[in-house]
Q: 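Please see the structure below; I have some questions.
Proteins get letters first, then strands, A, B, ... in listed order; numbering begins at 1 in each. Remember, it's a predicted structure, so these values are computed and weren't measured experimentally. Worth knowing before you read on, the calculation uses all heavy atoms, side chains too, and leaves out hydrogens, waters and symmetry mates.
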Amino acid sequence: MVNDLSFFETVYQVARMIPEGRVTSYGAIAKFIGSPQAARMVGYAMNGSHTQKEFVPAHRVVNRNGMLTGKHHFGGPETMRELLESEGAIVEENQIKNFKELFWDPGKELMEGY
DNA sequence: GGTGTGACCAGCT
DNA sequence: AAGCTGGCCACAC
């Protein structure tokens, strides 16, 4: 099999592909890896992202509403917001205001341009 | 080793 | 229009 990576590892790889200053949703990643209904697992995978050797930009992954649902898992409730604002995102009330503009679809951005 | 549950999403009612 | 349910895979108890 060419793909020995488990579901979680695949999620981490996709997450690392997210360009700086861009964000995506759990569902978009789930769909990209072939399990459109496994968005939940993507979120859970992010929970264990800190166990990975390589850094995983989990702060660039939010829910479909652009809301920072997992901010509490960064060791600090403000950490995720700080990281996103640091990359140019406008976060307000735990929600990315310009989410629509910053949204990065893996299944689209990676396919187009070739 | 089975059951529960989790940073979600989309479809039904 | 809004609320509930199912589904997905891995990990803790």
Side-chain angles (χ1 to χ4, degrees):
Chain A
M1 300 297 269
V2 279
N3 198 1
D4 286 355
L5 299 176
S6 59
F7 185 88
F8 271 37
E9 291 179 22
T10 310
V11 173
Y12 300 140
Q13 299 237 347
V14 176
R16 293 195 199 100
M17 286 188 234
I18 305 174
E20 189 175 312
R22 293 297 190 92
V23 293
T24 190
S25 67
Y26 303 99
I29 296 176
K31 186 174 183 178
F32 178 67
I33 66 182
S35 299
Q37 298 192 304
R40 247 195 193 189
M41 319 297 52
V42 177
Y44 193 59
M46 291 293 115
N47 191 10
S49 62
H50 65 87
T51 66
Q52 298 298 308
K53 293 181 183 177
E54 299 264 352
F55 172 70
V56 179
H59 60 280
R60 296 183 193 146
V61 184
V62 294
N63 69 355
R64 151 177 173 15
N65 296 319
M67 189 171 272
L68 281 54
T69 51
K71 66 171 183 177
H72 239 292
H73 291 262
F74 281 85
E78 302 297 309
T79 308
M80 190 172 186
R81 194 198 69 199
E82 292 291 330
L83 288 169
L84 286 169
E85 288 184 342
S86 168
E87 295 184 355
I90 302 174
V91 181
E92 204 169 295
E93 296 291 315
N94 299 342
Q95 187 176 4
I96 302 175
K97 290 302 176 183
N98 53 344
F99 174 67
K100 185 175 64 178
E101 301 174 18
L102 297 178
F103 183 69
W104 178 80
D105 188 350
K108 190 173 183 181
E109 301 288 332
L110 293 179
M111 295 304 239
E112 292 184 3
Y114 269 99

Q: Scan residues 71-95 of chain A against DNA chain B and write down, sorted by residue number, each residue with any heavy atom closer than 4.0 Å; if none is found, say none.
A: His73(A), Phe74(A)
Q: Please check this pair: side chain of Arg60(A) against backbone of Ile18(A), looking for a donor-acceptor N/O pair closer than 3.5 Å.
A: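 Yes, because the side chain of Arg60(A) sits within donor-acceptor range (under 3.5 Å) of the backbone of Ile18(A).
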Q: How close or far is atom P of dC8(B) from atom CZ of Phe7(A), stated in whole angstroms?
A: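 Value for this atom pair: 14 Å.
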Q: dA10(C) C1' sits how many Å from Ile29(A) CD1, rounded?
A: 16 Å
Q: Using atom NZ of Lys31(A) as one end and atom P of dG7(C) as the other, report the distance to the nearest whole Å.
A: 20 Å
Q: What's the shortest heavy-atom distance between Phe99(A) and Arg64(A), and which atoms?
A: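 Smallest interatomic distance, heavy atoms only, reads CE2-O, 3.5 Å.
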Q: Provide the distance between the two P atoms, one in dG6(C) and one in dG4(B), to the nearest whole Å.
A: 14 Å
Q: Tell me which one of Leu83(A), Asn63(A), Ile96(A), Thr79(A) satisfies side chain to side chain contact (heavy atoms under 4.5 Å, CB included) with Leu68(A).
A: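 When Leu83(A), Asn63(A), Ile96(A), Thr79(A) are each tested with Leu68(A), the side chain to side chain contact (heavy atoms under 4.5 Å, CB included) holds only for Ile96(A).
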Q: At 4.0 Å (heavy atoms only), tell me whether Thr51(A) reaches a base, stays on the sugar-phosphate, or touches nothing.
A: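 No contact.
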Q: Do Tyr26(A) side-chain atoms and Arg40(A) backbone N/O form a donor-acceptor pair below 3.5 Å?
A: no
Q: Atom CD of Gln52(A) to atom P of dA10(C): distance rounded to whole Å?
A: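 Taking CD of Gln52(A) and P of dA10(C), I get 13 Å after rounding.
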Q: Contacts to DNA chain B from residues 34-45 of chain A, heavy-atom cutoff under 4.0 Å, which residues?
A: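 Those residues whose heavy atoms fall under 4.0 Å from DNA chain B, taken from residues 34-45 of chain A in numerical order, are Ala39(A), Arg40(A), Met41(A), Gly43(A), Tyr44(A).
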Q: Examine Met67(A) and Phe74(A) and state if one hydrophobic cluster contains both, with Ile, Leu, Val, Met, Phe, Trp and Tyr joined whenever side-chain heavy atoms are less than 4.5 Å apart.
A: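 They do not share one cluster, since no chain of ILVMFWY contacts under 4.5 Å joins Met67(A) to Phe74(A).
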Q: OP1 or OP2 of dC8(B) versus the side-chain N and O atoms of Ser25(A): is any pair under 4.0 Å?
A: no
Q: Could you work out the separation of dA10(B) and dA10(C) based on their C1' atoms and round it to a whole Å?
A: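 My reading of the C1' atoms in dA10(B) and dA10(C) gives 22 Å.
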Q: How many whole angstroms separate atom NE2 of His50(A) from atom C1' of dG6(B)?
A: 13 Å
Q: Taking atom CD of Glu85(A) as the centre, does the number of heavy atoms from other residues, nucleotides or ligands within less than 6.0 Å exceed 12?
A: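 Yes - once you tally the heavy atoms of other residues, nucleotides and ligands closer than 6.0 Å, there are more than 12.
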Q: For His50(A), does the NE2 atom have more than 12 heavy-atom neighbours from other residues, nucleotides or ligands under 6.0 Å away?
A: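 For His50(A), atom NE2 is crowded (more than 12 foreign heavy atoms under 6.0 Å).
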Q: To the nearest Å, how far apart are Phe8(A) CZ and dC8(B) P?
A: 13 Å
Q: Locate the shortest heavy-atom distance separating Phe7(A) from Val42(A); write the atom from each residue and the value.
A: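 Minimum heavy-atom contact is CE2-N, 4.2 Å.
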Q: Classify Asn63(A) by what it touches in the nucleic acid, base, sugar-phosphate, or nothing, heavy-atom distance under 4.0 Å.
A: sugar-phosphate
Q: Students often get this wrong, so: under 4.0 angstrom with heavy atoms, is Tyr26(A) touching a base, only sugar-phosphate, or nothing?
A: base
Q: Using atom C1' of each nucleotide, how far apart are dT5(B) and dT5(C) to the nearest Å?
A: 16 Å
Q: Run the side-chain contact (heavy atoms from CB on, under 4.5 Å) test on Phe103(A) and Thr24(A) for me, step by step, so that the C-alpha distance in whole Å, both residues' side-chain angles and the decisive distance to 0.1 Å come before the verdict.
A: CA-CA 5 Å; Phe103(A) 183 69; Thr24(A) 190; 3.9 Å; yes
